[in-house]
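Given the structure is predicted, the values throughout are model-derived calculations rather than measurements.
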Amino acid sequence: MQQGPLTEEQLEWLDDVLMKYSTEDSLVDASELDGMLTAIVSAPVQVPPGEWLPAIWGGEDQMPEWESEEEFRRFHDLLSQHMNDIVDRLSGYPEQFEPLFGINTVNDEDYTVVEEWCFGYMKGVDLGDWSSLSASQEPALLIIALHGREENVERLEKLTVEEYEISVEAIRPAAISLYTKHPLH
């Protein structure tokens with residue numbers, strides 16, 4: 001298995017596979033997958049692959065019927081490579097950790113899209129036991145939940161542009177903090 005970050009082509013392939021086998025409850029893209037994997041590796045209590053792998057597709061009963069053994073193997077190899085890269089960056093090179101946010105271009109202006117990543121992160125949180133998260137870490141999780149929970153949409157809509165940008169800028173440090181501040185690391 002290769003090491004290091006996935007290439008743009010590999011990420012696009014993951015996007016294509018996620019779309020190809022999508023269900024109403026599955027992850028929508030590589031950004032949401034990156035968020036979920038970041039939460040999985042950051043969980044205070046380890047989440048077994050048997051729990052988080054089916055969650056990618058929306059549950060055990062919605063697992064894909066792979067086109068070929070090669071497609072299955074490539075997906076899982078890229079998944080492992082990406083997960084290992086997240087751990088490597090968070091544990092050894094946090095300054096290099098970058099959540100895989102999307103970009104939306106409107107009228108030749110690029111906007112950072114954080115919602116998919118944050119929704120993925122919170123799906124990862126929901127799979128684990130975060131009850132041992134310290135009170136000092138709860139604000140970091142709330143920063144991500146602001147953009148990653150349906151019930152916060154109204155609150156987000158009321159933010160000024162400046163408040164919104166500040167909340168987006170806080171996501172990366174929050175994710176780094178949630179990884180480094182719990183007892184498993």
- line: Residue pairs meeting ring pair (Phe, Tyr, Trp, His ring centres under 6.0 Å), one or both in residues 140-173, sequence neighbours left out, come to His147-Tyr164

message: Applying salt bridge (charged side-chain N to carboxylate O under 4.0 Å, His left out), can you list everything that pairs with Asp29, at least two apart in sequence or on another chain?
response: none

- prompt: Got a sec, which residues hit side-chain contact (heavy atoms from CB on, under 4.5 Å) with Pro54, two or more places apart in sequence or on another chain?
  reply: Glu60, Met63

Qualifying ring pair (Phe, Tyr, Trp, His ring centres under 6.0 Å) pairs with a residue from residues 77-102, counting only residues at least two apart or across chains: Phe101-Trp117

Polar contact flag, side-chain donor to acceptor under 3.5 angstrom, Asp25-Thr23: no

- prompt: What pairs of residues pass the ring pair (Phe, Tyr, Trp, His ring centres under 6.0 Å) test when at least one of them lies in residues 29-59, not counting sequence neighbours?
  reply: Trp57-Trp66, Trp57-Phe75

field: Spacing of Leu11 atom CG and Asp34 atom CG [to the nearest 0.5 Å]
entry: 8.0 Å

query: Looking only at atom types and distance, does a side-chain atom of Gln10 sit under 3.5 Å from a main-chain N or O of Leu6, one as donor and one as acceptor?
result: no

- prompt: What pairs with Arg73 under salt bridge (charged side-chain N to carboxylate O under 4.0 Å, His left out), at least two apart in sequence or on another chain?
  reply: Glu69

message: Given 3.5 Å as the limit, does a donor-acceptor pair link the side chain of Asn84 with the main chain of Ser80, or not?
response: yes

message: Treating Gln137 as the side-chain partner and Leu133 as the backbone partner, does any N or O pair qualify as donor plus acceptor under 3.5 Å?
response: no

- request: Go through the structure and list residues passing side-chain hydrogen bond (donor to acceptor under 3.5 Å, both in side chains) with Thr112, not counting sequence neighbours.
  value: none

query: Between Ala55 and Leu127, which heavy-atom pair has the shortest distance, and what is it?
result: CB-CD1, 3.6 Å

field: Minimum heavy-atom distance between Pro5 and Gln81, given as atom pair plus value
entry: O-NE2, 3.7 Å

Any residue meeting side-chain contact (heavy atoms from CB on, under 4.5 Å) with Asp110, in chain and number order, not counting sequence neighbours: Ile103, Thr105

task: For Lys158, enumerate each residue passing the salt bridge (charged side-chain N to carboxylate O under 4.0 Å, His left out) test, keeping only those at least two apart in sequence or located in another chain.
output: none

query: Does the pair Lys20/Glu67 count as a salt bridge with the N-to-O cut at 4.0 Å?
result: yes

- prompt: What residues, two or more places apart in sequence or in another chain, satisfy side-chain contact (heavy atoms from CB on, under 4.5 Å) together with Ser68?
  reply: Glu70, Glu71

task: Apply salt bridge (charged side-chain N to carboxylate O under 4.0 Å, His left out) to Asp126 and list each qualifying residue two or more places apart in sequence or on a separate chain.
output: Arg149

- prompt: With clusters built from Ile, Leu, Val, Met, Phe, Trp and Tyr whose side-chain heavy atoms come within less than 4.5 Å, directly or transitively, what are the remaining members of the cluster of Val106, listed by chain and number?
  reply: Tyr111

field: Shortest non-hydrogen contact from Leu90 toward Ser42
entry: CD1-OG, 4.2 Å

